[in-house]
Asker: 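Right, I'll just put the structure down here and ask away after.
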Amino acid sequence: MKRSTKKAIQKTVVITGMLVGVFILVSILTFRLAEQEFEISRPLINEKVWNYKPVVEKYAKQYGVTEYVDVLLAMMMQESGGRGNDPMQSSESYCGHRGCIDNPERSIEQGVYYFSEAINEADGDLKLAVQSYNFGRGFIDYVHQKSGTYSIEVAIDFSQKMYRSAENQSIYSCLREEAKQYNACYGDIYYVRDVMQYKQKMTAEK
């Protein structure tokens with residue numbers, strides 16, 4: 001009886017040890033997979049954007065918007081990922097059409113200046129100023145007449161209106177499926193959402 005009891009105890013210890021080992025192995029693998037999934041799904045900030053930070057800071061100081069440097073970098077990430085000669089995509093606000101700016105610093109200066117004007121006209125409403133960078137500052141007047149503050153609903157409404165009234169709708173690409181369902185193909189109705197996600201990521205990476 002003693003021998004059989006001893007063997008049973010030994011067998012139980014071995015089985016328990018194996019189960020504990022399997023549990024630890026599964027836990028490690030699960031953690032690593034979850035970590036990899038996070039690395040893949042998170043919005044990555046392009047190194048090119050980070051490299052432009054000193055230039056953005058320079059013009060943010062010049063135009064009185066130093067507290068919005070992260071927002072401006074996030075907008076650059078959304079606009080171009082820091083690529084090309086017009087990383088802030090500010091040609092249209094500068095000369096009325098695309099492609100007239102071919103110098104990154106000039107692009108940044110114009111982009112920061114335009115944003116500084118927008119944030120002032122928006123009375124400090126950051127989301128309204130950010131969306132106006134994409135839609136144009138006419139959006140600020142539209143919002144003030146409609147609701148007074150930014151919302152995704154008023155952004156969709158403005159996009160629909162501008163798209164309907166466009167003389168040549170073919171110049172607007174409805175890249176997002178969400179925008180297509182609303183027939184809101186003027187600008188990017190989710191510009192604020194994406195810029196703010198990039199801003200949050202930048203804050204976390206500091």
Side-chain angles (χ1 to χ4, degrees), residues 42-144 149-150 152 154-155 158-159 162 171-176 179 185-206:
R42 67 177 183 170
L44 300 176
I45 307 304
N46 195 308
E47 187 177 349
K48 292 181 178 181
V49 171
W50 282 122
N51 290 340
Y52 279 126
K53 185 177 181 181
V55 184
V56 172
E57 289 175 332
K58 170 185 172 182
Y59 289 108
K61 183 177 181 180
Q62 180 175 324
Y63 293 111
V65 288
T66 53
E67 66 268 41
Y68 299 112
V69 168
D70 282 358
V71 175
L72 289 159
L73 289 169
M75 288 164 62
M76 184 190 296
M77 187 65 206
Q78 178 65 16
E79 292 287 344
S80 69
R83 293 179 290 271
N85 291 326
D86 187 6
M88 290 297 288
Q89 297 293 292
S90 52
S91 286
E92 287 185 86
S93 68
Y94 181 65
C95 64
H97 61 83
R98 297 178 184 178
C100 66
I101 292 179
D102 59 3
N103 180 281
E105 184 160 349
R106 185 73 191 90
S107 171
I108 292 169
E109 180 181 6
Q110 173 61 21
V112 174
Y113 165 74
Y114 191 84
F115 173 81
S116 72
E117 293 289 297
I119 195 71
N120 286 333
E121 290 180 23
D123 299 323
D125 185 337
L126 178 57
K127 291 183 177 181
L128 177 55
V130 169
Q131 187 65 64
S132 297
Y133 190 90
N134 177 256
F135 277 165
R137 297 212 304 270
F139 178 58
I140 297 173
D141 293 334
Y142 185 81
V143 169
H144 285 166
T149 57
Y150 167 85
I152 184 60
V154 75
F158 182 80
S159 177
M162 295 298 289
I171 65 174
Y172 302 111
S173 299
C174 216
L175 299 176
R176 295 181 186 267
C185 299
Y186 176 87
D188 181 358
I189 59 175
Y190 293 109
Y191 188 78
V192 169
R193 180 195 67 185
D194 292 352
V195 167
M196 292 307 170
Q197 285 178 349
Y198 282 127
K199 179 184 178 296
Q200 289 174 2
K201 182 59 192 164
M202 286 179 169
T203 302
E205 288 189 356
K206 281 186 174 181

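Given the structure is predicted, the values throughout are model-derived calculations rather than measurements. Heads up: numbering here begins at 1 and tracks the sequence.
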Asker: Nearest 0.5 Å, please: how far is CD in Gln131 from OG in Ser159?
Answerer: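 Between Ser159 OG and Gln131 CD, I get 8.5 Å after rounding to 0.5 Å.
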Asker: So do Leu72 and Val112 actually touch side chain to side chain, heavy atoms under 4.5 Å?
Answerer: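 Val112 reaches Leu72 side chain to side chain.
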Asker: Write down the atom of Asn134, the atom of Asp188, and the distance for their closest heavy-atom approach.
Answerer: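 Smallest interatomic distance, heavy atoms only, reads OD1-N, 2.8 Å.
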Asker: Taking the side chain as C-beta and beyond, is there a heavy-atom pair between Val56 and Lys53 under 4.5 Å?
Answerer: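 They are not in side-chain contact.
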Asker: Taking the side chain as every heavy atom from C-beta outward, state whether His144 and Thr149 have any atom pair closer than 4.5 Å.
Answerer: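 Contact flag for His144/Thr149 side chains = no.
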Asker: Apply side chain to side chain contact (heavy atoms under 4.5 Å, CB included) to the pair Gln197 and Lys201, showing each step before the final yes or no.
Answerer: CA-CA 6 Å; Gln197 285 178 349; Lys201 182 59 192 164; over 6 Å; no
Asker: Check whether any side-chain heavy atom of Met196 lies under 4.5 Å from a side-chain heavy atom of Lys199, and answer yes or no.
Answerer: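 Yes; the side chains approach each other to less than 4.5 Å.
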Asker: Under a 4.5 Å cut-off applied to non-hydrogen side-chain atoms, are Gln89 and Ser91 in contact?
Answerer: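 A side-chain contact under 4.5 Å is absent here.
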Asker: Could you walk me through whether Glu79 and Tyr191 pass side chain to side chain contact (heavy atoms under 4.5 Å, CB included), step by step?
Answerer: CA-CA 9 Å; Glu79 292 287 344; Tyr191 188 78; 2.7 Å; yes
Asker: Looking at Glu47, I'd like to know if its CD atom is crowded, meaning that more than 12 non-hydrogen atoms belonging to other residues, nucleotides or ligands lie closer than 6.0 Å.
Answerer: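 Open.
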Asker: With rounding to the nearest 0.5 angstrom, report the OH to NZ distance, Tyr150 to Lys127.
Answerer: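 It is 7.0 Å, given to the nearest 0.5 Å.
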Asker: Heavy atoms, side chains only, cut-off 4.5 Å: are Asn85 and Ile101 in contact?
Answerer: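 Sidechains of Ile101 and Asn85: no contact.
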Asker: How many angstroms lie between atom OH of Tyr133 and atom OG of Ser93, to the nearest 0.5 angstrom?
Answerer: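 Output value for this atom pair is 6.0 Å.
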Asker: Check the pair Arg98, Asp86 against side chain to side chain contact (heavy atoms under 4.5 Å, CB included), reporting the backbone distance first and the verdict last.
Answerer: CA-CA 10 Å; Arg98 297 178 184 178; Asp86 187 6; over 6 Å; no
Asker: For the atom pair OH (Tyr94) and OH (Tyr114), what is the distance rounded to the nearest 0.5 Å?
Answerer: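 Spacing of OH (Tyr94) from OH (Tyr114) equals 15.5 Å.
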Asker: Can you tell me how far CD of Gln78 sits from CG of Leu73, rounded to the nearest 0.5 angstrom?
Answerer: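 Result: 13.5 Å between the selected atoms.
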Asker: Would one find more than 12 heavy atoms of other residues, nucleotides or ligands at under 6.0 Å from atom OH of Tyr63?
Answerer: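 More than 12 within 6.0 Å, yes.
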Asker: Charged N to carboxylate O below 4.0 Å: is that the case for Glu105 and Lys58?
Answerer: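 Result for this pair is yes, salt bridge flagged.
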Asker: Is there a side-chain contact between Val195 and Met77 in this structure, where contact means two heavy atoms from C-beta onward sitting under 4.5 Å apart?
Answerer: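 In short, these two side chains do not touch, never coming nearer than 4.5 Å.
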Asker: Between the side chains of Gln110 and Tyr59, is a donor N or O closer than 3.5 angstrom to an acceptor N or O?
Answerer: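 Gln110 vs Tyr59: no donor-acceptor pair found between side chains.
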Asker: Before giving the answer on side chain to side chain contact (heavy atoms under 4.5 Å, CB included), spell out for Glu109 and Arg106 the whole-Å C-alpha distance, their side-chain angles and the decisive distance to 0.1 Å.
Answerer: CA-CA 5 Å; Glu109 180 181 6; Arg106 185 73 191 90; 3.5 Å; yes
Asker: What closest approach, in Å, do Ser107 and Ser90 show between heavy atoms, and which atom pair accounts for it?
Answerer: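 Scanning both residues completely, I find the closest heavy atoms to be O-OG, 2.8 Å.
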Asker: So how far is it from Asn46 CG to Arg83 CZ, rounded to the nearest 0.5 Å?
Answerer: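 Here the interatomic distance stands at 6.0 Å.
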Asker: Do Pro87 and Ile108 have side chains that approach each other closer than 4.5 Å (heavy atoms only, starting at C-beta)?
Answerer: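 When only atoms from C-beta onward are counted, Ile108 and Pro87 do touch, with a gap below 4.5 Å.
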Asker: Please find the pair of heavy atoms, one from Ile119 and one from Ser116, that lie closest to each other, and give the distance.
Answerer: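 Nearest heavy atoms, Ile119 then Ser116: CG2-O, 3.2 Å.
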Asker: Parallel, tilted or perpendicular for Phe139 and Phe135, by the 30°/60° rule?
Answerer: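 Correct class here is perpendicular.
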